[in-house]
Amino acid sequence: MIDIRLVRTDPDAVKAALSRKKVDPAEVDALIDRDEALRRITAERDDLRAKVKALSKEVGAARKAGDAERAESLAAESRALGEDAKVRERQATALEREVREMLLLIPNLPAPEAPGGDGPDDNPVVAQGGPDAASYPEHQRVPHWETAATLGILDNERAVKISGAMFTMFRGQGAALARALCQLALDRNADAYEEIRPPTLVLSDTLTASGQLPKFADDAYHVGRDDLWAVPTAEVPLTSIYRDEILDEADLPKRLMAYTPCYRREAGAAGRDTRGLLRTHEFDKVEILALTTPEQGPALHQELRDRALGSIEALGLTWRWVEICTGDLGQSQHRQFDLEVYAPGVAMWLEVSSVSWFTDYQARRANIRYRPAGEAKGTALVHTVNGSALAVPRVWAAVVESNRQPDGSVAVPEALWPYMRGARVIA
RNA sequence: GGAGAGGUGACCGAGUGGCCGAAGGUGACGCACUGCUAAUGCGUUGAGGGGCGUUGAGUCUCUCCGAGGGUUCAAAUCCCUCCCUCUCCGCCA
(Lines give C-alpha, C1' and ligand atoms only; values in the text may rest on other atoms or scores of the structure.)
Protein backbone atom coordinates (compact mmCIF):
# COMPACT_ATOMS: atom_id res chain seq x y z
CA MET A 1 0.00 0.00 0.00
CA ILE A 2 1.09 3.53 -0.60
CA ASP A 3 0.98 6.06 2.24
CA ILE A 4 -2.49 7.55 2.59
CA ARG A 5 -0.94 10.61 4.23
CA LEU A 6 1.05 11.34 1.10
CA VAL A 7 -2.17 11.06 -0.89
CA ARG A 8 -3.75 13.62 1.41
CA THR A 9 -0.90 16.10 1.55
CA ASP A 10 0.37 15.90 -2.01
CA PRO A 11 -2.26 14.35 -4.27
CA ASP A 12 -0.81 15.91 -7.39
CA ALA A 13 2.58 14.30 -6.87
CA VAL A 14 0.91 10.92 -6.30
CA LYS A 15 -1.16 11.28 -9.45
CA ALA A 16 1.85 12.35 -11.47
CA ALA A 17 3.93 9.41 -10.26
CA LEU A 18 1.13 6.92 -10.79
CA SER A 19 0.37 8.23 -14.26
CA ARG A 20 3.78 6.82 -15.22
CA LYS A 21 2.27 3.44 -14.35
CA LYS A 22 -0.84 4.31 -16.36
CA VAL A 23 -3.07 4.74 -13.33
CA ASP A 24 -6.10 6.97 -13.93
CA PRO A 25 -5.96 10.06 -11.66
CA ALA A 26 -9.68 9.54 -11.04
CA GLU A 27 -8.75 6.51 -8.93
CA VAL A 28 -6.76 8.75 -6.66
CA ASP A 29 -9.57 11.30 -6.48
CA ALA A 30 -12.02 8.56 -5.54
CA LEU A 31 -9.71 7.46 -2.77
CA ILE A 32 -9.35 10.99 -1.44
CA ASP A 33 -13.11 11.42 -1.43
CA ARG A 34 -13.67 8.23 0.58
CA ASP A 35 -10.83 9.01 2.93
CA GLU A 36 -12.27 12.42 3.71
CA ALA A 37 -15.67 10.90 4.42
CA LEU A 38 -14.04 8.31 6.65
CA ARG A 39 -12.20 10.90 8.69
CA ARG A 40 -15.33 13.00 9.13
CA ILE A 41 -17.40 10.06 10.33
CA THR A 42 -14.59 8.80 12.54
CA ALA A 43 -14.30 12.16 14.28
CA GLU A 44 -18.05 12.19 14.95
CA ARG A 45 -17.95 8.64 16.23
CA ASP A 46 -15.02 9.32 18.56
CA ASP A 47 -16.69 12.42 19.89
CA LEU A 48 -19.84 10.47 20.73
CA ARG A 49 -17.84 7.70 22.34
CA ALA A 50 -16.02 10.21 24.52
CA LYS A 51 -19.35 11.58 25.72
CA VAL A 52 -20.67 8.10 26.44
CA LYS A 53 -17.57 7.30 28.46
CA ALA A 54 -17.81 10.48 30.48
CA LEU A 55 -21.51 9.96 31.17
CA SER A 56 -20.94 6.33 32.12
CA LYS A 57 -18.48 7.42 34.75
CA GLU A 58 -21.04 9.82 36.14
CA VAL A 59 -23.63 7.03 36.21
CA GLY A 60 -21.29 4.98 38.32
CA ALA A 61 -20.64 7.88 40.64
CA ALA A 62 -24.33 8.66 41.00
CA ARG A 63 -25.11 5.01 41.78
CA LYS A 64 -22.43 4.98 44.41
CA ALA A 65 -23.84 8.17 45.89
CA GLY A 66 -27.27 6.54 46.06
CA ASP A 67 -28.83 8.96 43.60
CA ALA A 68 -30.74 6.40 41.52
CA GLU A 69 -32.84 8.99 39.78
CA ARG A 70 -29.89 10.98 38.50
CA ALA A 71 -28.14 7.75 37.50
CA GLU A 72 -31.14 6.69 35.46
CA SER A 73 -31.45 9.97 33.64
CA LEU A 74 -27.73 10.04 32.84
CA ALA A 75 -27.91 6.45 31.62
CA ALA A 76 -30.81 7.37 29.37
CA GLU A 77 -28.83 10.25 27.91
CA SER A 78 -25.84 8.04 27.37
CA ARG A 79 -28.00 5.36 25.78
CA ALA A 80 -29.26 7.83 23.20
CA LEU A 81 -25.72 8.97 22.36
CA GLY A 82 -24.65 5.35 22.18
CA GLU A 83 -27.26 4.68 19.51
CA ASP A 84 -25.84 7.51 17.44
CA ALA A 85 -22.32 6.28 17.97
CA LYS A 86 -23.32 2.85 16.76
CA VAL A 87 -24.72 4.28 13.54
CA ARG A 88 -21.49 6.19 12.94
CA GLU A 89 -19.50 3.11 13.76
CA ARG A 90 -21.24 1.09 11.09
CA GLN A 91 -20.64 3.82 8.55
CA ALA A 92 -17.01 4.09 9.58
CA THR A 93 -16.47 0.34 9.29
CA ALA A 94 -17.92 0.32 5.78
CA LEU A 95 -15.78 3.28 4.77
CA GLU A 96 -12.67 1.75 6.28
CA ARG A 97 -13.21 -1.34 4.20
CA GLU A 98 -13.77 0.75 1.08
CA VAL A 99 -10.62 2.79 1.62
CA ARG A 100 -8.55 -0.29 2.35
CA GLU A 101 -9.81 -2.08 -0.76
CA MET A 102 -8.94 0.93 -2.89
CA LEU A 103 -5.56 1.24 -1.28
CA LEU A 104 -4.79 -2.45 -1.85
CA LEU A 105 -5.37 -2.02 -5.57
CA ILE A 106 -3.38 1.18 -6.09
CA PRO A 107 0.15 0.36 -7.27
CA ASN A 108 3.35 1.51 -5.67
CA LEU A 109 4.85 4.76 -6.94
CA PRO A 110 7.63 4.12 -9.46
CA ALA A 111 11.12 5.34 -8.69
CA PRO A 112 11.94 8.69 -10.31
CA GLU A 113 14.99 7.03 -11.86
CA ALA A 114 12.93 4.18 -13.36
CA PRO A 115 12.93 4.69 -17.12
CA GLY A 116 9.66 5.70 -18.77
CA GLY A 117 8.01 3.41 -21.28
CA ASP A 118 4.85 1.62 -22.30
CA GLY A 119 5.82 -2.02 -22.02
CA PRO A 120 8.48 -4.72 -22.18
CA ASP A 121 9.85 -3.45 -25.51
CA ASP A 122 10.89 -0.21 -23.82
CA ASN A 123 13.03 -1.83 -21.13
CA PRO A 124 16.58 -0.61 -21.66
CA VAL A 125 19.49 -3.04 -21.57
CA VAL A 126 21.88 -1.69 -18.96
CA ALA A 127 24.71 -4.18 -19.18
CA GLN A 128 25.60 -7.54 -20.65
CA GLY A 129 28.25 -10.17 -20.30
CA GLY A 130 29.34 -13.73 -20.90
CA PRO A 131 29.93 -15.22 -24.35
CA ASP A 132 28.60 -13.28 -27.32
CA ALA A 133 25.10 -14.44 -28.18
CA ALA A 134 26.15 -14.80 -31.81
CA SER A 135 29.15 -16.93 -30.93
CA TYR A 136 27.35 -20.19 -30.19
CA PRO A 137 28.20 -22.87 -32.75
CA GLU A 138 25.68 -24.87 -34.75
CA HIS A 139 25.72 -27.89 -32.40
CA GLN A 140 24.47 -25.62 -29.59
CA ARG A 141 21.59 -24.31 -31.65
CA VAL A 142 19.43 -27.23 -30.58
CA PRO A 143 16.38 -26.67 -28.34
CA HIS A 144 16.87 -28.12 -24.89
CA TRP A 145 13.84 -30.36 -25.20
CA GLU A 146 15.43 -32.17 -28.13
CA THR A 147 18.77 -32.62 -26.40
CA ALA A 148 17.00 -33.63 -23.21
CA ALA A 149 14.82 -36.17 -24.97
CA THR A 150 17.85 -37.80 -26.54
CA LEU A 151 19.64 -37.93 -23.19
CA GLY A 152 16.54 -39.02 -21.27
CA ILE A 153 16.84 -36.24 -18.71
CA LEU A 154 13.45 -34.61 -19.25
CA ASP A 155 10.12 -36.46 -19.45
CA ASN A 156 7.39 -33.92 -19.95
CA GLU A 157 5.07 -36.39 -21.68
CA ARG A 158 4.75 -38.39 -18.50
CA ALA A 159 4.61 -35.25 -16.36
CA VAL A 160 1.53 -34.30 -18.35
CA LYS A 161 0.07 -37.75 -17.72
CA ILE A 162 0.59 -37.24 -14.01
CA SER A 163 -0.44 -33.59 -13.60
CA GLY A 164 -1.64 -32.18 -16.92
CA ALA A 165 -0.32 -29.59 -19.34
CA MET A 166 2.60 -27.35 -18.43
CA PHE A 167 3.98 -29.63 -15.76
CA THR A 168 7.47 -30.99 -16.20
CA MET A 169 9.59 -33.83 -14.90
CA PHE A 170 13.35 -34.15 -14.71
CA ARG A 171 14.96 -37.57 -14.73
CA GLY A 172 18.33 -38.98 -13.83
CA GLN A 173 21.15 -36.53 -14.43
CA GLY A 174 18.55 -33.95 -15.40
CA ALA A 175 17.03 -34.14 -11.92
CA ALA A 176 20.50 -33.96 -10.41
CA LEU A 177 21.25 -30.89 -12.54
CA ALA A 178 18.08 -29.16 -11.32
CA ARG A 179 18.99 -29.85 -7.72
CA ALA A 180 22.61 -28.85 -8.31
CA LEU A 181 21.51 -25.44 -9.55
CA CYS A 182 19.57 -24.84 -6.33
CA GLN A 183 22.47 -26.01 -4.23
CA LEU A 184 24.84 -23.70 -6.09
CA ALA A 185 22.63 -20.68 -5.49
CA LEU A 186 22.19 -21.50 -1.80
CA ASP A 187 25.89 -22.10 -1.24
CA ARG A 188 26.94 -18.94 -3.03
CA ASN A 189 24.75 -16.80 -0.76
CA ALA A 190 25.10 -18.64 2.52
CA ASP A 191 27.88 -16.27 3.57
CA ALA A 192 25.35 -13.53 4.30
CA TYR A 193 21.86 -14.95 3.94
CA GLU A 194 20.07 -17.11 6.47
CA GLU A 195 18.63 -20.18 4.81
CA ILE A 196 14.93 -20.69 5.43
CA ARG A 197 12.72 -23.61 4.49
CA PRO A 198 9.29 -21.99 4.82
CA PRO A 199 5.83 -23.49 4.38
CA THR A 200 4.62 -23.31 0.80
CA LEU A 201 0.89 -23.44 1.51
CA VAL A 202 -0.07 -20.12 3.05
CA LEU A 203 -2.99 -18.09 4.36
CA SER A 204 -4.73 -15.37 2.37
CA ASP A 205 -3.24 -12.78 4.73
CA THR A 206 0.22 -13.96 3.76
CA LEU A 207 -0.47 -13.62 0.06
CA THR A 208 -2.02 -10.19 0.63
CA ALA A 209 1.00 -8.93 2.53
CA SER A 210 3.36 -9.32 -0.41
CA GLY A 211 0.85 -7.95 -2.91
CA GLN A 212 -0.45 -11.00 -4.82
CA LEU A 213 -3.93 -10.65 -3.35
CA PRO A 214 -6.48 -9.32 -3.95
CA LYS A 215 -5.57 -8.36 -7.52
CA PHE A 216 -3.83 -11.49 -8.76
CA ALA A 217 -5.90 -14.27 -7.25
CA ASP A 218 -6.31 -15.94 -10.66
CA ASP A 219 -2.58 -16.49 -10.93
CA ALA A 220 -2.30 -18.59 -7.79
CA TYR A 221 -3.44 -22.09 -6.90
CA HIS A 222 -5.99 -22.13 -4.13
CA VAL A 223 -6.73 -25.12 -1.93
CA GLY A 224 -10.37 -24.33 -1.31
CA ARG A 225 -11.12 -26.91 1.29
CA ASP A 226 -8.61 -25.44 3.71
CA ASP A 227 -8.48 -21.93 2.25
CA LEU A 228 -4.74 -22.08 1.64
CA TRP A 229 -2.72 -20.86 -1.31
CA ALA A 230 0.26 -22.49 -2.98
CA VAL A 231 3.07 -19.95 -3.03
CA PRO A 232 4.04 -18.52 -6.43
CA THR A 233 7.46 -17.65 -5.01
CA ALA A 234 9.34 -17.92 -1.72
CA GLU A 235 9.07 -14.14 -1.56
CA VAL A 236 5.58 -14.70 -0.16
CA PRO A 237 6.41 -16.65 3.01
CA LEU A 238 9.73 -14.84 3.49
CA THR A 239 8.06 -11.43 3.44
CA SER A 240 5.57 -12.57 6.05
CA ILE A 241 8.11 -13.99 8.47
CA TYR A 242 8.23 -10.72 10.39
CA ARG A 243 4.69 -9.64 9.65
CA ASP A 244 3.22 -7.57 12.50
CA GLU A 245 6.57 -7.37 14.21
CA ILE A 246 8.87 -4.53 15.22
CA LEU A 247 12.55 -5.13 14.53
CA ASP A 248 15.57 -3.36 15.96
CA GLU A 249 17.43 -1.17 13.53
CA ALA A 250 20.61 -2.95 14.58
CA ASP A 251 19.18 -6.14 13.05
CA LEU A 252 18.78 -4.52 9.64
CA PRO A 253 19.39 -5.32 6.95
CA LYS A 254 17.99 -8.77 7.56
CA ARG A 255 19.04 -11.09 4.78
CA LEU A 256 17.06 -14.26 4.09
CA MET A 257 17.05 -16.89 1.38
CA ALA A 258 14.91 -19.89 0.64
CA TYR A 259 14.67 -22.69 -1.81
CA THR A 260 11.04 -23.61 -2.54
CA PRO A 261 8.93 -24.98 -5.30
CA CYS A 262 6.83 -22.22 -6.90
CA TYR A 263 3.32 -22.67 -8.22
CA ARG A 264 1.76 -20.53 -10.91
CA ARG A 265 -1.47 -21.04 -12.78
CA GLU A 266 -0.22 -18.94 -15.71
CA ALA A 267 -3.87 -18.10 -16.31
CA GLY A 268 -3.20 -15.53 -19.01
CA ALA A 269 -0.51 -17.48 -20.76
CA ALA A 270 -2.39 -20.40 -22.33
CA GLY A 271 -0.54 -21.66 -25.38
CA ARG A 272 2.56 -19.49 -24.89
CA ASP A 273 5.99 -20.98 -24.45
CA THR A 274 4.46 -24.40 -23.96
CA ARG A 275 7.42 -26.37 -25.23
CA GLY A 276 10.15 -27.50 -22.93
CA LEU A 277 10.80 -25.57 -19.76
CA LEU A 278 10.07 -21.98 -20.64
CA ARG A 279 6.79 -21.71 -18.76
CA THR A 280 5.61 -24.25 -16.22
CA HIS A 281 3.05 -24.48 -13.43
CA GLU A 282 5.55 -25.75 -10.90
CA PHE A 283 9.24 -24.97 -10.69
CA ASP A 284 12.07 -24.70 -8.22
CA LYS A 285 13.65 -21.41 -7.28
CA VAL A 286 16.05 -19.98 -4.75
CA GLU A 287 14.90 -16.57 -3.61
CA ILE A 288 16.93 -13.97 -1.75
CA LEU A 289 15.28 -11.21 0.20
CA ALA A 290 16.21 -8.42 2.58
CA LEU A 291 14.38 -6.24 5.04
CA THR A 292 16.13 -2.89 5.22
CA THR A 293 15.89 0.66 6.46
CA PRO A 294 14.80 3.14 3.77
CA GLU A 295 18.42 4.29 3.50
CA GLN A 296 19.70 0.76 2.94
CA GLY A 297 17.11 -0.09 0.30
CA PRO A 298 18.93 1.00 -2.87
CA ALA A 299 22.23 -0.58 -1.83
CA LEU A 300 20.57 -3.90 -1.03
CA HIS A 301 18.71 -3.76 -4.32
CA GLN A 302 22.08 -3.58 -6.09
CA GLU A 303 23.52 -6.27 -3.85
CA LEU A 304 20.73 -8.67 -4.70
CA ARG A 305 21.17 -8.01 -8.40
CA ASP A 306 24.91 -8.62 -8.14
CA ARG A 307 24.34 -11.84 -6.24
CA ALA A 308 21.85 -13.12 -8.79
CA LEU A 309 24.27 -12.18 -11.53
CA GLY A 310 27.09 -13.95 -9.71
CA SER A 311 25.46 -17.35 -10.06
CA ILE A 312 24.72 -16.80 -13.73
CA GLU A 313 28.30 -15.78 -14.42
CA ALA A 314 29.58 -18.76 -12.46
CA LEU A 315 27.63 -20.94 -14.88
CA GLY A 316 29.27 -19.25 -17.86
CA LEU A 317 26.02 -18.13 -19.45
CA THR A 318 25.43 -15.19 -21.74
CA TRP A 319 23.51 -12.62 -19.79
CA ARG A 320 22.09 -9.15 -19.94
CA TRP A 321 20.61 -6.91 -17.32
CA VAL A 322 17.55 -4.89 -18.28
CA GLU A 323 15.88 -2.26 -16.22
CA ILE A 324 12.10 -2.40 -16.16
CA CYS A 325 10.38 0.72 -17.48
CA THR A 326 7.44 2.30 -15.70
CA GLY A 327 4.90 0.85 -18.12
CA ASP A 328 6.11 -2.68 -17.39
CA LEU A 329 6.69 -2.29 -13.66
CA GLY A 330 4.60 -4.57 -11.45
CA GLN A 331 2.02 -3.33 -9.00
CA SER A 332 4.24 -3.49 -5.92
CA GLN A 333 7.55 -2.54 -7.51
CA HIS A 334 9.25 0.80 -7.06
CA ARG A 335 12.19 -0.20 -9.20
CA GLN A 336 13.05 -3.48 -10.86
CA PHE A 337 15.98 -5.10 -12.63
CA ASP A 338 15.58 -8.25 -14.69
CA LEU A 339 18.37 -10.61 -15.58
CA GLU A 340 18.06 -12.54 -18.79
CA VAL A 341 20.21 -15.32 -20.17
CA TYR A 342 20.63 -16.22 -23.78
CA ALA A 343 19.46 -19.70 -24.72
CA PRO A 344 21.12 -20.48 -28.07
CA GLY A 345 18.95 -23.55 -28.78
CA VAL A 346 15.73 -21.58 -28.83
CA ALA A 347 17.52 -18.34 -29.81
CA MET A 348 15.74 -16.42 -27.07
CA TRP A 349 16.61 -14.25 -24.13
CA LEU A 350 15.03 -15.87 -21.11
CA GLU A 351 14.09 -13.92 -18.01
CA VAL A 352 15.70 -15.82 -15.17
CA SER A 353 15.72 -13.32 -12.35
CA SER A 354 13.69 -10.36 -11.30
CA VAL A 355 15.17 -8.18 -8.59
CA SER A 356 12.82 -5.64 -7.07
CA TRP A 357 12.78 -2.83 -4.56
CA PHE A 358 9.36 -2.32 -3.04
CA THR A 359 10.11 0.62 -0.72
CA ASP A 360 7.57 0.38 2.12
CA TYR A 361 4.73 -0.84 -0.10
CA GLN A 362 4.85 -4.47 1.07
CA ALA A 363 5.92 -3.51 4.58
CA ARG A 364 2.83 -1.37 5.02
CA ARG A 365 0.59 -4.25 3.93
CA ALA A 366 2.52 -6.66 6.09
CA ASN A 367 3.00 -4.21 8.97
CA ILE A 368 6.73 -4.82 9.32
CA ARG A 369 8.36 -2.04 11.28
CA TYR A 370 11.62 -1.24 13.01
CA ARG A 371 12.70 0.97 15.86
CA PRO A 372 15.12 3.60 14.58
CA ALA A 373 18.26 3.51 16.70
CA GLY A 374 18.70 6.32 19.17
CA GLU A 375 15.05 7.20 19.30
CA ALA A 376 13.32 5.99 22.41
CA LYS A 377 9.91 5.79 20.87
CA GLY A 378 8.39 5.65 17.47
CA THR A 379 8.67 3.13 14.68
CA ALA A 380 9.13 3.23 10.95
CA LEU A 381 8.26 0.87 8.16
CA VAL A 382 11.04 -1.27 6.74
CA HIS A 383 11.79 -1.49 3.06
CA THR A 384 11.72 -4.82 1.27
CA VAL A 385 13.87 -5.95 -1.62
CA ASN A 386 13.95 -9.37 -3.17
CA GLY A 387 15.01 -11.28 -6.19
CA SER A 388 15.48 -14.70 -7.66
CA ALA A 389 18.93 -15.98 -6.85
CA LEU A 390 18.28 -18.73 -9.34
CA ALA A 391 15.14 -20.05 -11.02
CA VAL A 392 15.71 -23.60 -12.16
CA PRO A 393 13.86 -24.39 -15.40
CA ARG A 394 15.07 -21.58 -17.63
CA VAL A 395 18.62 -21.72 -16.29
CA TRP A 396 18.53 -25.49 -16.71
CA ALA A 397 17.47 -24.98 -20.33
CA ALA A 398 20.17 -22.40 -20.99
CA VAL A 399 22.83 -24.57 -19.37
CA VAL A 400 21.82 -27.61 -21.42
CA GLU A 401 21.74 -25.64 -24.66
CA SER A 402 24.92 -23.66 -24.24
CA ASN A 403 26.95 -26.64 -23.03
CA ARG A 404 25.86 -29.09 -25.67
CA GLN A 405 28.80 -30.91 -27.22
CA PRO A 406 29.06 -31.89 -30.88
CA ASP A 407 28.28 -35.51 -29.94
CA GLY A 408 24.99 -34.50 -28.29
CA SER A 409 26.17 -34.82 -24.70
CA VAL A 410 26.10 -31.90 -22.27
CA ALA A 411 29.20 -30.71 -20.44
CA VAL A 412 28.54 -29.89 -16.80
CA PRO A 413 29.72 -26.37 -15.91
CA GLU A 414 32.58 -26.50 -13.46
CA ALA A 415 30.63 -24.60 -10.80
CA LEU A 416 28.24 -27.55 -10.61
CA TRP A 417 30.83 -30.32 -10.39
CA PRO A 418 30.60 -30.57 -6.59
CA TYR A 419 26.89 -31.31 -6.84
CA MET A 420 26.74 -33.85 -9.69
CA ARG A 421 28.09 -36.97 -7.99
CA GLY A 422 31.27 -36.71 -9.97
CA ALA A 423 29.67 -36.36 -13.38
CA ARG A 424 31.44 -33.92 -15.70
CA VAL A 425 29.29 -34.79 -18.68
CA ILE A 426 25.65 -35.75 -19.08
CA ALA A 427 25.57 -38.38 -21.77
C1' G B 1 -10.51 -36.50 14.75
C1' G B 2 -11.99 -37.01 20.51
C1' A B 3 -11.38 -35.07 25.81
C1' G B 4 -9.44 -31.32 28.96
C1' A B 5 -6.61 -26.64 30.13
C1' G B 6 -5.28 -21.99 28.46
C1' G B 7 -4.34 -17.22 25.22
C1' U B 8 -3.16 -10.06 29.18
C1' G B 9 2.27 -5.19 27.41
C1' A B 10 9.61 -6.84 25.17
C1' C B 11 9.12 -11.14 28.83
C1' C B 12 6.79 -13.40 33.42
C1' G B 13 2.32 -12.60 35.79
C1' A B 14 -2.27 -10.29 38.65
C1' G B 15 -6.88 -8.81 37.45
C1' U B 16 -14.88 -11.84 37.24
C1' G B 17 -18.59 -5.21 35.34
C1' G B 18 -17.08 1.33 36.54
C1' C B 19 -11.45 4.02 40.41
C1' C B 20 -7.94 -0.82 34.29
C1' G B 21 -4.05 0.85 28.90
C1' A B 22 -4.12 -2.43 32.79
C1' A B 23 -1.01 -4.25 39.88
C1' G B 24 3.62 -6.59 40.83
C1' G B 25 8.11 -8.52 38.93
C1' U B 26 12.02 -9.12 35.04
C1' G B 27 14.53 -6.64 31.22
C1' A B 28 15.95 -1.87 29.01
C1' C B 29 17.05 3.38 29.64
C1' G B 30 18.09 7.88 32.79
C1' C B 31 19.65 10.06 37.46
C1' A B 32 21.82 9.49 42.44
C1' C B 33 25.31 6.79 45.39
C1' U B 34 30.02 4.15 44.45
C1' G B 35 37.73 4.00 43.12
C1' C B 36 35.77 0.29 38.82
C1' U B 37 32.17 -3.58 38.49
C1' A B 38 28.29 -5.29 41.30
C1' A B 39 24.59 -4.00 44.68
C1' U B 40 21.06 -0.21 46.30
C1' G B 41 17.57 4.00 45.80
C1' C B 42 14.53 7.20 42.70
C1' G B 43 12.45 7.90 37.98
C1' U B 44 11.22 6.61 32.81
C1' U B 45 9.73 2.74 29.51
C1' G B 46 3.63 -0.31 24.26
C1' A B 47 1.37 0.35 19.42
C1' G B 48 -2.01 2.59 16.05
C1' G B 49 -5.91 6.24 14.09
C1' G B 50 -7.98 11.30 14.13
C1' G B 51 -8.29 16.81 15.55
C1' C B 52 -5.72 21.56 16.70
C1' G B 53 -0.70 23.15 16.70
C1' U B 54 4.41 22.36 15.33
C1' U B 55 8.06 20.42 11.94
C1' G B 56 10.22 16.54 14.94
C1' A B 57 7.43 21.41 21.15
C1' G B 58 3.05 19.75 22.38
C1' U B 59 -2.02 18.97 23.46
C1' C B 60 -7.08 16.84 23.14
C1' U B 61 -9.51 12.42 21.76
C1' C B 62 -10.55 7.37 20.00
C1' U B 63 -8.95 2.15 19.37
C1' C B 64 -6.06 -2.15 20.86
C1' C B 65 -5.88 -7.51 26.98
C1' G B 66 -5.91 -14.05 20.43
C1' A B 67 -9.90 -12.53 16.21
C1' G B 68 -14.92 -11.27 15.15
C1' G B 69 -19.90 -10.49 16.93
C1' G B 70 -23.37 -9.61 21.18
C1' U B 71 -25.35 -7.92 26.24
C1' U B 72 -24.83 -3.16 29.19
C1' C B 73 -25.26 3.71 30.71
C1' A B 74 -20.30 1.22 31.23
C1' A B 75 -16.57 -4.99 29.12
C1' A B 76 -9.68 -7.46 29.77
C1' U B 77 -13.82 -9.02 33.04
C1' C B 78 -20.53 -11.62 31.11
C1' C B 79 -22.57 -14.42 26.41
C1' C B 80 -21.82 -16.54 21.23
C1' U B 81 -18.69 -18.01 17.01
C1' C B 82 -13.91 -18.76 15.17
C1' C B 83 -8.46 -19.13 15.48
C1' C B 84 -4.15 -20.57 18.05
C1' U B 85 -1.15 -23.00 22.05
C1' C B 86 -0.46 -26.92 25.67
C1' U B 87 -1.67 -32.05 27.88
C1' C B 88 -3.83 -36.92 27.09
C1' C B 89 -6.01 -40.35 23.43
C1' G B 90 -6.45 -41.69 18.17
C1' C B 91 -3.88 -41.55 13.41
C1' C B 92 0.67 -41.00 10.91
C1' A B 93 5.99 -39.67 7.13
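Every chain is numbered from 1 and lettered A, B, ... according to where its sequence line falls, protein lines coming before strand lines. As a basis for the values below, the full set of heavy atoms in this structure was taken, side chains included, without hydrogen atoms, waters or symmetry mates.
Nucleotides B:C20 and B:U77 place their C1' atoms 10 Å apart, quoted to the nearest Å. The gap from the C1' atom of B:A23 to that of B:G15 amounts to 8 Å, rounded to the nearest Å. Rounded to a whole angstrom, the distance from the C1' atom of B:A74 to that of B:G17 is 8 Å. Here the separation of B:U72 from B:G18, taken at their C1' atoms, is 12 Å to the nearest Å. For the P atom pair drawn from B:U87 and B:G24, the interatomic distance equals 33 Å after rounding to whole Å. Using atom C1' as the reference point in both B:C65 and B:A14, the two lie 13 Å apart (nearest Å). B:C29 sits 38 Å from B:G68 when the C1' atoms are compared, rounded to a whole Å. For the P atoms, the distance linking B:G7 with B:C12 amounts to 12 Å, nearest Å.
B:C91 is unpaired under the Watson-Crick or G-U wobble criterion, no partner having all donor-acceptor distances under 3.5 Å. Across all strands shown, B:A76 forms no Watson-Crick or G-U wobble pair with both distances under 3.5 Å. With a cut-off of 3.5 Å on both Watson-Crick or G-U wobble distances, the partner of B:U81 is given as B:A67. Base pairing of B:G30 is made with B:C42, judged by Watson-Crick or G-U wobble geometry with both donor-acceptor distances under 3.5 Å.
Taking 4.0 angstrom as the limit, A:K53 places a side-chain polar atom (N or O) nearer than this to OP1 or OP2 of B:U63. Distances shown here put every side-chain N or O of A:R45 at or beyond 4.0 Å from the OP1 or OP2 atom of B:U61. Remark: A:R39 is in phosphate contact with B:G51, judged by side-chain N or O atoms under 4.0 Å from OP1 or OP2. The side chain of A:R371 places an N or O atom within less than 4.0 Å of a non-bridging phosphate oxygen (OP1 or OP2) of B:A47. A:T379 has a side-chain polar atom (N or O) that falls below the 4.0 Å cut-off from OP1 or OP2 of B:G48. At least one side-chain nitrogen or oxygen of A:R8 sits closer than 4.0 Å to the OP1 or OP2 atom of B:G50.
Annotation: A:H281 is in aromatic contact with A:F167 [ring centroid separation under 6.0 Å]. Taking the six-membered ring for Trp, A:W357 and A:F337 have ring centres at least 6.0 Å apart.
Counting any heavy atom pair closer than 4.0 Å across all strands shown, A:R88 reaches no nucleic acid atom. At the heavy-atom level, A:R40 lies nowhere under 4.0 Å from the strands shown.
Atom P of nucleotide B:C82 and atom CG of A:D227 are separated by 16 Å, given to the nearest angstrom. Atom pair A:K51:NZ and B:C60:P shows a separation of 18 Å (rounding to whole Å applied). Rounded to whole Å, atom C1' of B:G48 lies 12 Å from atom CG of A:D244. Regarding A:D248, its CG atom lies at a distance of 13 Å from the C1' atom of B:G27, rounded to whole Å. In this structure, CG of A:D84 is placed 17 Å from P of B:C62, rounded to the nearest angstrom. When rounded to the nearest whole Å, the span between CG of A:L203 and P of B:A67 equals 16 Å. As rounded to whole Å, 11 Å separates atom C1' of B:G49 from atom CG of A:D35. A:L38 places its CG atom 13 Å from the P atom of B:G49, with the value rounded to the nearest Å.
The pair A:R88-A:E44 meets the salt-bridge criterion, since a charged nitrogen lies less than 4.0 angstrom from a carboxylate oxygen.
In this structure B:G56 sits in the syn conformation; its chi angle is within 90° of 0.
In this structure, of B:C73, B:A47, B:C19, it is B:C73 that holds the atom nearest to the side chain of A:S78. Distance from the side chain of A:R5 is smallest to B:G50 among B:G50, B:G18, B:C19. In the set B:U63, B:G18, B:U61, B:U63 carries the atom at the smallest distance from any side-chain atom of A:R49.
Positionally, the nearest nucleotide of RNA chain B for A:G60 lies more toward the 5' end than for the other of A:L74 and A:G60. Along RNA chain B, the nucleotide closest to A:K86 and the one closest to A:R369 are compared, and the more 5′ of them pairs with A:R369.
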### Task
Decide ring pair (Phe, Tyr, Trp, His ring centres under 6.0 Å) for A:W229 and A:Y263; before the verdict, give the C-alpha distance in whole Å, the side-chain angles of both, and the deciding distance to 0.1 Å.
CA-CA 9 Å; A:W229 302 80; A:Y263 300 92; over 10 Å; no

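Listed here is the closest heavy atom pair of A:E295 and A:Y370: OE1-OH, 4.4 Å.
No side-chain heavy atom of A:I324 sits under 4.5 Å from any side-chain heavy atom of A:Q333. A 4.5 Å side-chain heavy-atom check between A:K254 and A:Y242 finds at least one atom pair inside the cut-off.
Remark: the A:D46 side chain and the B:G49 base include a donor-acceptor N/O pair separated by less than 3.5 Å.
Side-chain atoms of A:R264 do not come within 3.5 Å of backbone N or O of A:T233 as any donor-acceptor pair.
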